[in-house]
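Starting from 1, each residue takes its place in the sequence as its number. Since we're looking at a predicted model, the values are computed, not measured.
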Amino acid sequence: MRVISGEYGGRRLKALDGDNTRPTTDKVKESIFNMIGPYFDGGTALDLYAGSGGLAIEAVSRGMDLGICIEKNFAAIKVINENISITKEPEKFLVRKMDATKAIEYLKDAGTKIDLVLLDPPYAKQEIEKQINQMLDLNLLNEDAMIVCETDKSVDLPEEIRNLTKYRETIYGITQISIYK
């Protein structure tokens with residue numbers, strides 16, 4: 001696993017041992033960022049189920065100002081912090097050990113506005129719809145925000161979630177990427 005492109009391009013990232021997380025493969029990560037960017041002119045990225053932190057690190061490497069990594073697994077938090085240290089710019093990241101639903105409330109209380117949301121929850125459809133609605137209810141998303149959902153290809157996400165429209169859906173092997181704007 002590595003950072004694909006941008007400022008940290010080529011740097012190796014650590015993955016969490018065991019079956020607790022499913023790291024996004026380099027091929028899928030590269031495809032995601034080619035679809036949504038591939039580069040950014042600032043903004044805040046939220047990786048709500050961060051795992052190794054690879055998606056948030058990739059987003060910052062490609063120009064986001066801040067990458068927020070939310071993860072409830074203690075071992076994963078340790079790996080995220082190790083991976084962030086590889087960037088040599090820890091000030092560009094915020095790492096919180098907490099449940100995703102509580103994290104959304106925390107971000108609202110902190111006055112955070114999100115430009116890019118990266119969602120790869122363990123219980124795909126139910127969590128994705130619930131948390132997107134929660135973010136919309138709390139007005140967390142900037143006007144041009146994008147939401148990237150990584151699920152199993154069998155998950156059928158709706159074409160619209162309130163004012164967000166699915167504008168791209170692609171399958172890579174067993175992985176499905178759905179992007180909302």
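Not one N or O on the side chain of R62 forms a donor-acceptor pair closer than 3.5 Å with the backbone of G6. Under the 3.5 Å distance criterion, the side-chain polar atoms of K113 are left unmatched by any main-chain donor or acceptor of E143. A distance-only check finds no donor-acceptor pair linking the side chain of E159 to the backbone of T165 [under 3.5 Å]. Proximity of a side-chain donor or acceptor of S61 to a complementary backbone N or O of E7 within less than 3.5 Å is detected.
Using a 4.5 Å cut-off between side-chain heavy atoms of Ile, Leu, Val, Met, Phe, Trp and Tyr, with links allowed through other members, I171 and I128 fall into different hydrophobic clusters. Cluster membership for Y39 and I32, using ILVMFWY side-chain heavy atoms within less than 4.5 angstrom, is not shared.
Among all heavy-atom pairs drawn from R12 and I86, the shortest one is O-CD1, 3.2 Å. Closest approach of M64 and G42 over heavy atoms only: SD-O, 3.5 Å. The nearest pair of heavy atoms linking S52 to M1 is OG-CE, 3.1 Å. The two residues A100 and L48 come nearest to each other via the heavy atoms CB-CG, 3.7 Å. Between G43 and D115 the shortest heavy-atom distance is CA-OD2, 3.1 Å. Contact between E71 and A76 at its shortest, heavy atoms only, is CG-CB, 3.4 Å.
Between I147 and L141, the closest side-chain pair of non-hydrogen atoms falls below 4.5 Å. Counting heavy atoms from C-beta outward, S154 and Q176 have side chains that stay 4.5 Å or more apart. No side-chain heavy atom of T87 sits under 4.5 Å from any side-chain heavy atom of K92. Counting heavy atoms from C-beta outward, F33 and I4 have side chains that stay 4.5 Å or more apart. Using a 4.5 Å heavy-atom cutoff, the side chains of I57 and I84 are in contact. Counting heavy atoms from C-beta outward, L136 and L164 have side chains that approach closer than 4.5 Å. By the 4.5 Å heavy-atom criterion applied to side chains, T101 and K130 are counted as neighbours. At a threshold of 4.5 Å between non-hydrogen side-chain atoms, the residues R168 and K181 do not count as touching.
Note that SG of C149 is 9.5 Å distant from CD of E129, once rounded to the nearest 0.5 Å. Between the CG atom in L138 and the OG1 atom in T112 there is a gap of 11.5 Å [rounded to 0.5 Å]. Between the CG atom in D156 and the OG1 atom in T151 there is a gap of 9.5 Å [rounded to 0.5 Å]. Once rounded to the nearest 0.5 Å, the distance linking CG of L119 with CE of M135 reads 5.0 Å. Here NZ of K166 is found 10.5 Å from CD of E160. Values are rounded to the nearest 0.5 Å. Atom-to-atom distance recorded for K27:NZ and Y172:OH is 7.5 Å, nearest 0.5 angstrom.
Electrostatic pairing of K108 and D137 does not count as a salt bridge here, judged by no charged N lying under 4.0 Å from a carboxylate O.
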Legend entry - Test log, rule side-chain contact (heavy atoms from CB on, under 4.5 Å), inputs I68 and I114: CA-CA 10 Å; I68 301 171; I114 307 297; 4.2 Å; yes

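Relative orientation of the F93 and Y8 rings is tilted, given thresholds of 30° and 60° on the angle between their planes.
The number of heavy atoms from other shown groups lying within 6.0 Å of CG (D109) is above 12.
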